[in-house]
There are 2 protein chains.
Amino acid sequence: MTRPTSRDVATAAGVSQATVSLVLGDKWPGRVSERTAALVRETATRLGYRPNLAARNLRLGSTRTALLVVPALTNEFFARVYTGAARVAAEHGFGVVLYPSPDGTGPARDPFASARAALDGVIASSMAAHALHAIGGDTLPLVMLDSDPRAAGSAAHVNLAMADGMRQVTQHLLALGHRRFLHLASAVDSWTFDTRAEALTTLLGPGTELRTVRSPLTADDARTAMEAALAAPGGRPTAIVCDDDILAAGACKAARRLGLRVPEDLSVTGFDDLALATAVEPELTTVHLPAERVGEQGMTALLAVLEGTPWTAPDIPVTLVVRDSTGPAPTPAP
Amino acid sequence: MTRPTSRDVATAAGVSQATVSLVLGDKWPGRVSERTAALVRETATRLGYRPNLAARNLRLGSTRTALLVVPALTNEFFARVYTGAARVAAEHGFGVVLYPSPDGTGPARDPFASARAALDGVIASSMAAHALHAIGGDTLPLVMLDSDPRAAGSAAHVNLAMADGMRQVTQHLLALGHRRFLHLASAVDSWTFDTRAEALTTLLGPGTELRTVRSPLTADDARTAMEAALAAPGGRPTAIVCDDDILAAGACKAARRLGLRVPEDLSVTGFDDLALATAVEPELTTVHLPAERVGEQGMTALLAVLEGTPWTAPDIPVTLVVRDSTGPAPTPAP
DNA sequence: CAGCCGGGGTAATACGTATAACTTGACGCG
DNA sequence: CGCGTCAAGTTATACGTATTACCCCGGCTG
């Protein structure tokens, strides 16, 4: 009643276990005759044979499995990163296993144990890098996603052109005449967000004003932050740059609650281009981040590293998608 | 430069490999003295020893790993199912690996191979059941999520009380005076959606009218379907029941494009209670589905099945959350 | 003092696979 | 005719762990 092994197949087919292994591994240029090969294959399927992956992994010393470390899968962005990584992995006979909650709600246990499998390498989002390091994940081949290229030593990097994304946002808003900016920034401490903040600061020239509010990436926080910011003295901002579509949607909603129209009175931009961006009204002007491609390139990079090939690639380009949440700056009425 | 094995630890500590295994496995009631145990542990951490999971799995004949088969992780609902399953799994020393694209874009290969690890059991969403069967996954302990309890033979089931959810929706809308309904139904062929459609049909009494449009679960499809439905002759519906929040959001947007106000002219309800539901305006009246609990119970059920315990549990209750997208039926004006 | 017991450990083994090393006929060629 | 060659397999082994069965020795008991 137990699963058949390669030896069972061998016995049933009247050959040796080695032959079975050779046939099923497609390793028989001239080792096995076509006749016996066919016999072995037929027997294997007849018995419903499936190789024991644990045994194979042990023998080969490699599991063809990568660990993807991300903050939370419920964030559509990371779900898409996973999808991309898993696709490339599958094309190369690899699997991807997740470690989604290093700082989240789950029990913060050893990912290498929770993976329940030996790992060949790790792909880690910078937003979970601290957990990685605390655990000793740096003993495995490592690819970092969206992390500071100057840090992290020898690890391969896959980065989005975040600074350029912010440049596109800024230029778009400046061209529309905006001068008073509010940056709804993520409270998460990460290279990604630092880079954006820095880019925004340097790109806004003289004659402009920038206020920054840091908050967690939830719509509620956006609302609270907005109310405080718009009630502040000294003239309210006309453009709100958000680190995330969720924040942007929250900002739009908060604005309307306060009696402001978007985009007539207030322009709002986001980041990510999630499904949410086109579900809300007005549809969000936002920076499209090709999340799947991040996953794909991350896996590609890891495969290269595993082969010993040095890997490097330019930042993944991002593009501003102009929709309905931005418009000309309002003329300073009464 | 290669990873240390338990034998390396043994040699370094001056004991046998068996002792190392005993100590690290916490299997020493009186087998090993406290002194040597401490020595072994110290040596292990000093060398950075990590047990080879492949070898352990082979030896134990179990990997403590479950496969979760879902349609797509980018659907927030399934991401949350995963999260719940992974949490319970981790509490029991189990891991969860995903097979997310049986009918999606990815290469539809053998999930048991793509998992790259021997599996102890499978948790499968009904929306991917066909793929499971075609592959032979029924040879493993199986838990079905939201599938027909009468089918699938002996497999354990974890179901949401979908019919009751639809009942709450219907009663809510009937109480508001609605009599003309449009059901934006999912085109996916699944017990989940069939149950809802059936419940809706039977719950709507005489004197009511129901039209049904089946479409994929995307906002764009909702829009198209809406335009067709509202332009149809014979009086337009006043209540739109959607199988999904994404559809509902699309329906709201389409309505507004057609010059109809929600909820004054048209009431809209969703299903799932995704983050989207509160991000859009008006916030959606929708049926809250505790997705994490589905994952948790799925994993709990699988653990029970693996222990040979028969498992059964009542349907998971769902609750209608009334927000701003539903209101009294408009009085039939001119 | 012999026997026995139990604490503290070790040697040996099996899990199922992939592959290197070896074997065995049959055959071609000098 | 003898030897190298080659096709077609087979035998043997190692991967790293968990666990069973065994061993040794000091002390207690009768």
Side-chain angles (χ1 to χ4, degrees), chain A residues 2-41 43-44 47-65 93 112-113 115-120, chain B residues 2-41 43-44 47-65 93 112-113 115-120:
Chain A
T2 173
R3 278 229 320 249
T5 74
S6 65
R7 204 177 312 271
D8 296 335
V9 176
T11 318
V15 298
S16 79
Q17 180 267 332
T19 305
V20 174
S21 190
L22 287 174
V23 170
L24 269 49
D26 281 341
K27 293 282 170 96
W28 47 294
R31 318 262 309 152
V32 180
S33 74
E34 183 61 55
R35 243 169 50 84
T36 44
L39 171 64
V40 165
R41 274 190 296 250
T43 315
L47 297 189
Y49 169 71
R50 292 187 173 283
N52 181 322
L53 276 306
R56 171 184 301 191
N57 290 338
L58 174 59
R59 175 66 228 255
L60 296 180
S62 145
T63 58
R64 300 183 83 77
T65 298
F112 301 95
R116 311 300 316 165
L119 300 169
D120 283 356
Chain B
T2 174
R3 276 228 322 248
T5 74
S6 64
R7 204 178 312 274
D8 296 336
V9 175
T11 318
V15 299
S16 78
Q17 181 265 332
T19 305
V20 173
S21 191
L22 287 175
V23 170
L24 269 48
D26 282 342
K27 294 279 170 102
W28 47 294
R31 319 261 309 151
V32 180
S33 72
E34 182 61 53
R35 244 169 50 85
T36 44
L39 170 64
V40 166
R41 275 191 296 250
T43 315
L47 297 189
Y49 168 71
R50 292 187 174 282
N52 181 322
L53 275 305
R56 171 184 301 191
N57 290 339
L58 173 58
R59 174 66 229 251
L60 296 180
S62 145
T63 57
R64 301 183 83 75
T65 297
F112 301 95
R116 311 301 315 163
L119 300 169
D120 283 355

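Lettering follows sequence order; numbering is per chain, from 1.
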* Structure fact -> Closest to the 5' end of DNA chain C, once B:Leu22 and A:Ala55 are matched to their nearest nucleotides, is B:Leu22

* **Spacing of A:Arg35 atom CZ relative to D:dG9 atom C1', expressed in whole Å** => 14 Å

* Asked: Can you check the B:Leu58 CG to C:dC15 C1' distance for me, whole Å?
  -> 4 Å

* Whole Å only: how far is the CG atom of B:Asn52 from the P atom of D:dG16? -> 7 Å

* Asked: Rounded to the nearest 0.5 Å, what separation is found between the CG atom of B:Asn57 and the CG atom of A:Leu58?
  -> 10.0 Å

* Asked: Do any N or O atoms from the side chain of A:Thr19 and from the backbone of A:Val15 form a donor-acceptor pair under 3.5 angstrom?
  -> no

* Asked: Could you state the CG-C1' distance from B:Asn57 to C:dA14, rounded to the nearest angstrom?
  -> 16 Å

* Residue pair A:Asp120 / A:Thr65, side-chain donor-acceptor N/O under 3.5 Å -> no

* Minimum-distance nucleotide to A:Gln17 side chain [options: D:dT17, C:dT19, C:dG9] -> C:dT19

* **Over all atoms of both residues, closest heavy-atom pair of A:Pro51 and A:Arg3** => O-NH2, 3.8 Å

* To do: Would you jot down, in residue-number order, the residues of residues 7-16 of chain A having a non-hydrogen atom under 4.0 Å from DNA chain C?
  => A:Arg7

* Asked: Of the options A:Val32, A:Leu22, A:Leu24, which is the one that meets A:Val40 in a side chain to side chain contact (heavy atoms under 4.5 Å, CB included)?
  -> A:Leu24

* Asked: B:Leu60 CG to D:dT20 P: how many Å, rounded?
  -> 11 Å

* Which atom names give the shortest non-hydrogen contact between B:Asp8 and B:Pro4, and what distance separates them? -> OD2-CA, 3.3 Å

* For A:Arg64 against A:Gly93, the heavy-atom pair lying closest together -> NE-O, 3.3 Å

* To do: Figure out the CG/C1' separation between B:Leu39 and C:dG9, and round it to whole Å.
  => 13 Å

* Give a yes/no on whether any side-chain N or O of A:Ser21 is located under 4.0 angstrom from OP1 or OP2 of C:dG16. => no

* Taking N and O atoms by type only, does the side chain of B:Arg31 place a donor or acceptor under 3.5 Å from a partner on the base of C:dG8? -> no

* Selection from D:dG9, C:dT19, C:dG8 that lies nearest to any side-chain heavy atom of B:Ser33 -> C:dG8

* Gap between atoms CZ and P, on A:Arg56 and D:dT17 respectively (whole Å) -> 21 Å

* Using whole Å, report how far CG of A:Leu47 lies from P of C:dG16. => 15 Å

* **Residue whose nearest DNA chain C nucleotide is more 5′ - B:Glu34 or A:Thr19** => B:Glu34

